[in-house]
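Worksheet for the structure shown next.
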There are 4 protein chains.
Amino acid sequence: MKAKKKPITSETKSPSKPPRAGRPRSAESHDAILAAALKLLHERGYRSVTIEGIASEAAVGKQTIYRWWRSKAEVILEAFARYTAGRIAVPDSGNLQTDLQVFLTQAFDGLTQESGEVVRGLMSEALIDPDFAEAMRDIFIASRRSALRDILFKGIQRGELASDVDIELIIDLIYGPMWYRLLNKHAPLNPRFAKQISEMIASKLTRSD
Amino acid sequence: MKAKKKPITSETKSPSKPPRAGRPRSAESHDAILAAALKLLHERGYRSVTIEGIASEAAVGKQTIYRWWRSKAEVILEAFARYTAGRIAVPDSGNLQTDLQVFLTQAFDGLTQESGEVVRGLMSEALIDPDFAEAMRDIFIASRRSALRDILFKGIQRGELASDVDIELIIDLIYGPMWYRLLNKHAPLNPRFAKQISEMIASKLTRSD
Amino acid sequence: MKAKKKPITSETKSPSKPPRAGRPRSAESHDAILAAALKLLHERGYRSVTIEGIASEAAVGKQTIYRWWRSKAEVILEAFARYTAGRIAVPDSGNLQTDLQVFLTQAFDGLTQESGEVVRGLMSEALIDPDFAEAMRDIFIASRRSALRDILFKGIQRGELASDVDIELIIDLIYGPMWYRLLNKHAPLNPRFAKQISEMIASKLTRSD
Amino acid sequence: MKAKKKPITSETKSPSKPPRAGRPRSAESHDAILAAALKLLHERGYRSVTIEGIASEAAVGKQTIYRWWRSKAEVILEAFARYTAGRIAVPDSGNLQTDLQVFLTQAFDGLTQESGEVVRGLMSEALIDPDFAEAMRDIFIASRRSALRDILFKGIQRGELASDVDIELIIDLIYGPMWYRLLNKHAPLNPRFAKQISEMIASKLTRSD
DNA sequence: GACTAACCGAGACGGTACGTCCCGTCTTAAG
DNA sequence: CTTAAGACGGGACGTACCGTCTCGGTTAGTC
C-alpha cells in the first residue's frame, strides 16, 4: 500500500480512522471541483485545463485543490473516472470471440472523440509523472484489465481456453494494439479492428479444441 | 509532405533553392543545441528540459532555436533521432519467428533505462500536440514500422505468410503490446516477452503451412 | 474612549457583568499567545510574525486569537507592553535639565537592539492601520508622553519653567528627535544625544532665570 | 557605495558602462509602471497598492517590475520622488528664522492629505526593510536634510549662527518634531507649528548675537 | 570594397500559470 | 460557550518559461 503518501484519489480519510478535530472536508467543494474539471475538459481540452481555471470555475480556493490532489492530472483522472464509472459492461454471450468483439467494440466507442482526447491527456501525464502513473494504473487501467480478465476466465471455465494459458499476457496482446492506435492515430479504433483482434486471439488460443 | 509549414526537422534550406544572400546557418549552433538537448535530457528528464535551458546550455540565443524548430519536443526528437540513428537492424535468419524474436529483443533493449524514458517523454508530448505527433510518426514510428514491414514481407516471399495477409494490422498487433508495456510499466520488456509475441504471431499466421 | 468597538487590549469581560453560562476564558491560552508572540518577535522579527505562527507556537486555535485581538499588531502590542511594563521611571533630581537627560538616556536605552526593532515594527503597522495607530497611541505613546509631562510639570512647580509654557509642544520637540533617529537610523540614540536635547530645551526655556 | 547590489532606483545601467548586448530597457514600460503606481496610490492608498495591480494597470508583465525594483515600496518611492521632484525650494530671505518658517510651512504643506499618507506608507516599509530604508534615506530623506543644511549654512555665513554649531544635530531637532507629528497624528502639521519650531531654534541659537 | 541580408548572442518584453503563504471565517468534536 | 484543530474562499506573492522583440555585432553573397 501507499502508506504515508497523499492518497491517489481524494478520499476524506478512511472511514474507520476518526478525523478527530477540525472542520471536515467540504463535499460541495469536492463536487464543484470535479464538475468544473469535467466542464473545462470538454470546453477546452486537456492541455488547456489549469488548476487556476478549475478553482475559478468551481469558485474555490486553489489551496483547496492542492490540499486533496497533487496535480491537475489527478483531479481530471478522478473526474473522468467518476464520469465513466459503471460504463464497463462485461458481455456474456457464451462464446469467447463474440465476448471479446463486443467488449472491444464498446471499449473503442468510449475512446472516440473527446473521451479519447481525455485519455490521451491523462496518459501523457502518466508517461512523465511516476506518481500519477501509479494512480492511473490503479484507477483506470486496472479496472479495464480486470474486465478483460473476467471475459478470459469465463472462456477457461467454458473450456474454450486451456486452463494454463497466460491471462496477463493475453490481456497485453489485446489492449496493446488498442493503445497503440489510440496513441499514434495512424489508424482508427473501429469495429473492424475489434473484430480482427478478437478473431486473432480466439482462433489462436482455441484452435486445437 | 507538409507543404508551407516549417519543416519538422531542421534542414538548412532545401539544396535546390538558391541560397540567397545573408549569413548562412551556423552548424556549430545547430550541433550545440542538439548536444545540449541530449545532455539535459539525460541529466534532468524530458519534463524538466526547457527551451531556455537548452539555449543557456548551448550558449545560444533562444531565437536561434525558435528559428529552426517549433517546440522543445521537436528539438529533442531530432536530437534523439540522431542519437539512435542506424540502430534499427533488420535480421534475416530465413525464419519468420526467429526474425521477429531477434528484432523485438533488440527493440526492447533500446527502450530500457534512459532511452525508454526519453521515448516516454516524446510520446507524452505527441499525445497532446498534434503537430508534434505528426513529426513523431514521420521520424520515429515510421522507420520502426518499416523495419517490421520488411521482416514480414520477407516472410511472404518465403511463403511463410499468405500473400493476402494484412501487414499493417500485423504490425499493430506486434508493436501494440510493446508500447502498452512501455507506457504502463506493469510488466517488463524482456526477451521472454519478445519470444511470446513472436510465437503468437508466427504460429497463428503460419499454422497451415 | 472607544465606545462600542472591541477593546484594544483583551480584557476578560467586565467583572461586574454576570459571567453567564459556558466554558470560561482560558487564561492559559491568553498567556501562551502573548508568550508565543514575544518569542517569535525576538526570533524572527516583526514582519515575519504571523497569526498562524503565533497560534501554532502557542498550540492555540486561530479563532481564539481573533476572538480577543483584532490583528497581529495588537497581539504584539499587548505582549510588548506587558514586557516593558513598569520600565518608565520618572527621575526627580530637582533640576530640569538633569531630569530630562536622565529620562532620555534611559528611554534611549530601552530602544536599542531588539526592543528598538520591535518598536519600529509596531510603528510600521501604526503608520498603515489607523485603528492600530490609535491603540499604539493609547498604550505606548501616551504613557511616555505622560512621564515627560510630569517632568516638565515639576519644572514649572520649581519655577524653572514659565507657567504658561506650551507643555505639549515641548514634548513634541523632545520626543521628535528621538523618533526621527529611531526611524532613520542615520545617527545613534546615545547619551550624548540625550544630553544635547536636554541642554537645548532647558537652556532655551530657562535662560531668563 | 553599493557595488554589486541591485541599484536602489531603477536606472538603466550607468550611461558610461555600455550594456553590450540584449534588448535595451523599455522606457515606455518604465514610465507606465511609475504612472500606474502613482495612479493606484491616489485611488486606493499605499496599503492597497500591489505589484500585481501595478503590472495590470501598466499593461506590463510582473517580471518587468521585479527586474528593476525589489519591492512595491521601491516602485512607489521612485514614482513619488519623481512626482515631488523639484518641489523643495530653499528660501532666502536674509533671516534665519524667516527662512526656516517658510521652508517648514512649505514642507508641512507637502505632507498633508494624500502625500502625507504616501510618506507614511513609505516610512512604514522603511521601518521593516533595511534595504528599503537605505533607499529611502538616499532618495527622500537626504535631499530634504540637504535643503535644511543649506538654510542653516547661509545663517552661518550671515553670522546669525556660530560657525561651530552642530548642523546635523540642529537638523535632527527640526525634522524630528515634524516626523513625530506625521507619524502619530496627535497634532497637526500647521503653519503655527512651523513658526514654533523656527522660533525655538532661531532664538536659542542666535540669542547671544 | 561597400552594401545588404540573414544570421547570431543576449536579454528585455507581455503574458500565463505555477505552487505557497497567510488572511479572516467557518465548522466540527471535545471539554 | 470556549477551545484546538483545521478546512474554506480568497488575494497576492515571487518564480519559471513561454514565444516575441530589439539591440549590437558577425558573416556571407551581390553590386
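Everything numeric in this text was worked out from a predicted model, so none of it was measured. Residue numbers start from 1 in every chain, and the chains themselves are labelled A, B, ... in the order their sequence lines are given, proteins ahead of strands.
Following rounding to the nearest Å, D:His30 (NE2) and E:dG14 (C1') show an atom-to-atom distance of 17 Å. Counting to the nearest Å, the C1' atom of E:dC18 and the CH2 atom of A:Trp69 are 18 Å from each other. Rounded to whole angstrom, the span from the CZ atom of D:Arg44 across to the P atom of F:dA12 amounts to 9 Å. The CG-P distance, from D:Asp31 to E:dG14, rounds to 12 Å in whole Å. Rounded to a whole Å, the CD atom of D:Glu57 is 14 Å from the P atom of E:dG14. Nucleotide E:dC18 holds its P atom 11 Å from the CD atom of A:Glu125, rounded to whole Å. At whole-Å resolution of the value, CZ in A:Arg67 and P in F:dG6 are 11 Å apart. Rounded to an integer number of Å, the gap from C:Ile54 CD1 to F:dA5 P is 16 Å.
Side-chain contact, A:Ser29 with A:Thr64: no donor N or O sits under 3.5 Å from an acceptor N or O.
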Which atom pairs link the protein and nucleotides 1-4 of chain E when you take only N or O atoms and keep those under 3.5 Å?
none

Please list, for nucleotides 17-20 of chain F, all pairs of protein and nucleotide N/O atoms separated by less than 3.5 Å.
unit_1, atom_1, unit_2, atom_2, d
F:dC18, OP1, B:Ile51, N, 3.2
F:dC18, OP2, B:Ile51, N, 3.3
F:dC18, OP2, B:Glu52, N, 3.2
F:dG19, OP2, B:Tyr66, OH, 2.7
F:dG19, N7, B:Lys62, NZ, 3.0
F:dG19, O6, B:Lys62, NZ, 2.7

Going through the checks in order, is the side chain to side chain contact (heavy atoms under 4.5 Å, CB included) test met by D:Phe132 and D:Leu77?
CA-CA 9 Å; D:Phe132 179 67; D:Leu77 175 59; 3.6 Å; yes

Let me see the working for A:Trp68 and A:His30 under side chain to side chain contact (heavy atoms under 4.5 Å, CB included), right down to the final yes or no.
CA-CA 9 Å; A:Trp68 301 106; A:His30 186 186; over 6 Å; no

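Residues A:Ile76 and A:Trp69 are not in side-chain contact: their nearest non-hydrogen atoms beyond the backbone lie 4.5 Å or more apart. Between B:Arg47 and B:Glu125, the closest side-chain pair of non-hydrogen atoms is not below 4.5 Å. Under the 4.5 Å side-chain criterion, counting only non-hydrogen atoms from C-beta, B:Tyr46 is not in contact with B:Arg120.
Each end of the helix from E:dG1-F:dC31 to E:dG31-F:dC1 gets its own rotation axis from five pairs of C1' atoms, and the angle between them is 10° to the nearest 10 degrees.
C:Ala55 comes within contact range of no nucleotide atom at all, as no heavy-atom separation falls under 4.0 Å.
The two residues B:Ser124 and A:Ile128 make their nearest non-hydrogen contact at OG-CD1, 3.2 Å. For A:Ser71 against A:Ile51, the heavy-atom pair with the smallest separation is C-CD1, 4.1 Å.
Residue B:Arg25 places no side-chain N or O under 4.0 Å from the OP1 or OP2 atom of E:dA6. Within the structure, a side-chain polar atom (N or O) of A:Ser29 is placed less than 4.0 Å from OP1 or OP2 of F:dG9. For D:Trp68, a side-chain nitrogen or oxygen approaches OP1 or OP2 of E:dC13 to under 4.0 Å. Close to E:dC7, at under 4.0 Å from its OP1 or OP2, lies no side-chain N or O of B:Thr64.
Along DNA chain F, the nucleotide nearest to A:Gly61 and the one nearest to C:Ala58 differ in position, and the one closer to the 5' end is contacted by C:Ala58. Take the nearest nucleotide of DNA chain F for C:Val60 and for A:Val60: the residue whose nucleotide is more 5' is C:Val60.
In this structure B:Val118 satisfies the side-chain contact (heavy atoms from CB on, under 4.5 Å) test together with B:Leu41, B:Phe80, B:Leu122, sequence neighbours excluded. When the side-chain contact (heavy atoms from CB on, under 4.5 Å) test is applied to C:Leu40, the partners found at least two apart in sequence or on another chain are C:Glu43, C:Arg44, C:Val49, C:Ile54, C:Glu57. Taking A:Glu114 as the reference, nothing meets the salt bridge (Lys or Arg N to Asp or Glu O under 4.0 Å) condition, with sequence neighbours excluded.
Taking the charged nitrogens against the carboxylate oxygens, C:Lys72 and C:Asp129 have no contact shorter than 4.0 Å, which rules out a salt bridge.
Considering only the side chain of A:Ser26, F:dC8 comes nearest among E:dT28, F:dC8, E:dC7.
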